[in-house]
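Excluded from the calculations below are hydrogen atoms, water molecules and symmetry mates; all remaining heavy atoms, backbone and side chain alike, are included.
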Amino acid sequence: MSRFEAVLREISGRVNLPQPARTRVLAEIAGDLDDFFQAFLERGASEEDAERQALGHIDLSDEALRDLARVHGNWFRRLSDSIAERAGSRWELTLVGLLVLLAVFLSGAVVQAVPICRAAGAWLIPVACAAVATLGIGAWKAHVLWLRGDHRPKGLHAGLGAMLGLSVLQLFLAFAGVWVTAWAALRAVGLEPAQAGITTMHWLLGALALLVMGMSLALVCGLAWFILLGKVASIERAEAAALLPD
């Protein structure tokens, strides 16, 4: 229970946001209040004075709360919250895991059929770089959440938006590569019609390799994002219970 529970309950009634976005706003305010409270205690203030000064240093006006509501209630946060509600479901995690295994299996089939890196061509490089960046952010986020145990409200969602954006970017790059190489193949066929069959087959192999690798990597990165989002959602639910117990 927070020493500022009465203030937080009053603020909760003024914030026009659905859960868990409302709890996120309250957790952020509670974290700031606790930080100021501890700072004033260290300066020698009594608990009563420290509490009063902490409240005086936080802007709890209607306008400030509306600004917080806009930040925590944007479309991306609403989408994340909707997905997070299902992130703890075992059958959904199992389904996502099966999709990833299927993608890996398909990737293995392509690897056996053609040399994957050579077949996918240069477009595989930016796709792979985006995947490495996504998994790097995911590893850092996992370290913060599980090993360091840093669950401060302001930093809970840090990195998750970048992971999702990079996962989508992988798909975009893969499909862009297919279209660009298709255009190049059409030009080559126009210049050398006699080689149309070989050129088309070469493009098909490259496009298949690039799409399968791009989708496989995006699925793996998406699963990592999904698991981390579920962890963040569970932390926010625990924070809500601690801030405003029934």
Side-chain angles (χ1 to χ4, degrees), residues 1-35 37-38 65 68-101 103 131 133-168 217-246:
M1 180 185 299
S2 171
R3 70 169 44 249
F4 299 101
E5 180 183 348
V7 176
L8 294 174
R9 287 190 182 277
E10 189 269 335
I11 294 172
S12 178
R14 293 162 56 197
V15 176
N16 184 22
L17 280 177
Q19 293 290 9
R22 181 183 302 179
T23 297
R24 197 177 301 129
V25 170
L26 297 178
E28 183 174 325
I29 294 173
D32 290 339
L33 287 171
D34 288 337
D35 289 342
F37 177 77
Q38 291 298 326
L65 293 179
L68 280 174
R70 279 195 292 270
V71 172
H72 292 278
N74 59 44
W75 69 269
F76 179 75
R77 286 294 177 87
R78 290 197 300 269
L79 174 63
S80 297
D81 291 342
S82 176
I83 296 174
E85 291 178 1
R86 303 172 177 83
S89 174
R90 290 186 179 181
W91 73 266
E92 286 183 338
L93 284 175
T94 302
L95 178 61
V96 174
L98 290 174
L99 287 174
V100 172
L101 289 176
T134 306
L135 295 176
I137 295 172
W140 163 77
K141 190 65 179 178
H143 173 77
V144 170
L145 294 177
W146 277 285
L147 298 182
R148 283 172 48 188
D150 186 352
H151 297 166
R152 287 175 292 182
K154 285 187 176 180
L156 272 181
H157 284 262
L160 294 181
M163 288 184 68
L164 184 59
L166 286 169
S167 298
V168 174
L217 291 172
L219 280 172
V220 170
C221 294
L223 177 61
W225 173 80
F226 188 74
I227 292 172
L228 289 168
L229 182 65
K231 175 64 175 177
V232 167
S234 67
I235 293 171
E236 289 181 335
R237 285 191 290 268
E239 185 71 20
L243 285 175
L244 300 175
D246 295 330

Gap separating the CZ atom of Phe4 from the CZ atom of Arg9, nearest 0.5 angstrom: 15.5 Å
From Leu217 atom CG to Leu135 atom CG, the distance as rounded to the nearest 0.5 Å: 8.0 Å
Sequence-distant partners of Ala158, side-chain contact (heavy atoms from CB on, under 4.5 Å), two or more places apart: Trp140, Lys141
Side chain to side chain contact (heavy atoms under 4.5 Å, CB included) assessment of Leu160 paired with Ile137: CA-CA 8 Å; Leu160 294 181; Ile137 295 172; over 6 Å; no
Backbone of Leu145 reached by a side-chain donor or acceptor of His151 within 3.5 Å: yes
Partners passing side-chain hydrogen bond (donor to acceptor under 3.5 Å, both in side chains) against Arg152 (at least two apart in sequence or in another chain): Asp150
Set of side-chain contact (heavy atoms from CB on, under 4.5 Å) partners for Ala133, sequence neighbours left out: Leu166
Leu228 side, atom CG; Trp225 side, atom CH2 - distance, nearest 0.5 Å: 10.0 Å
Sequence-distant partners of Asp35, side-chain hydrogen bond (donor to acceptor under 3.5 Å, both in side chains), two or more places apart: none
Gap separating the CG atom of Asp34 from the CD1 atom of Ile29, nearest 0.5 angstrom: 12.0 Å
Heavy-atom closest pair, residues Cys221 and Ser167: CB-OG, 3.3 Å
Minimum heavy-atom distance His157-Val232, with the two atoms named: NE2-CG1, 3.6 Å
Partners passing side-chain hydrogen bond (donor to acceptor under 3.5 Å, both in side chains) against Gln38 (at least two apart in sequence or in another chain): none
Between CG on residue Leu164 and CG on residue Leu229, distance to nearest 0.5 Å: 9.0 Å
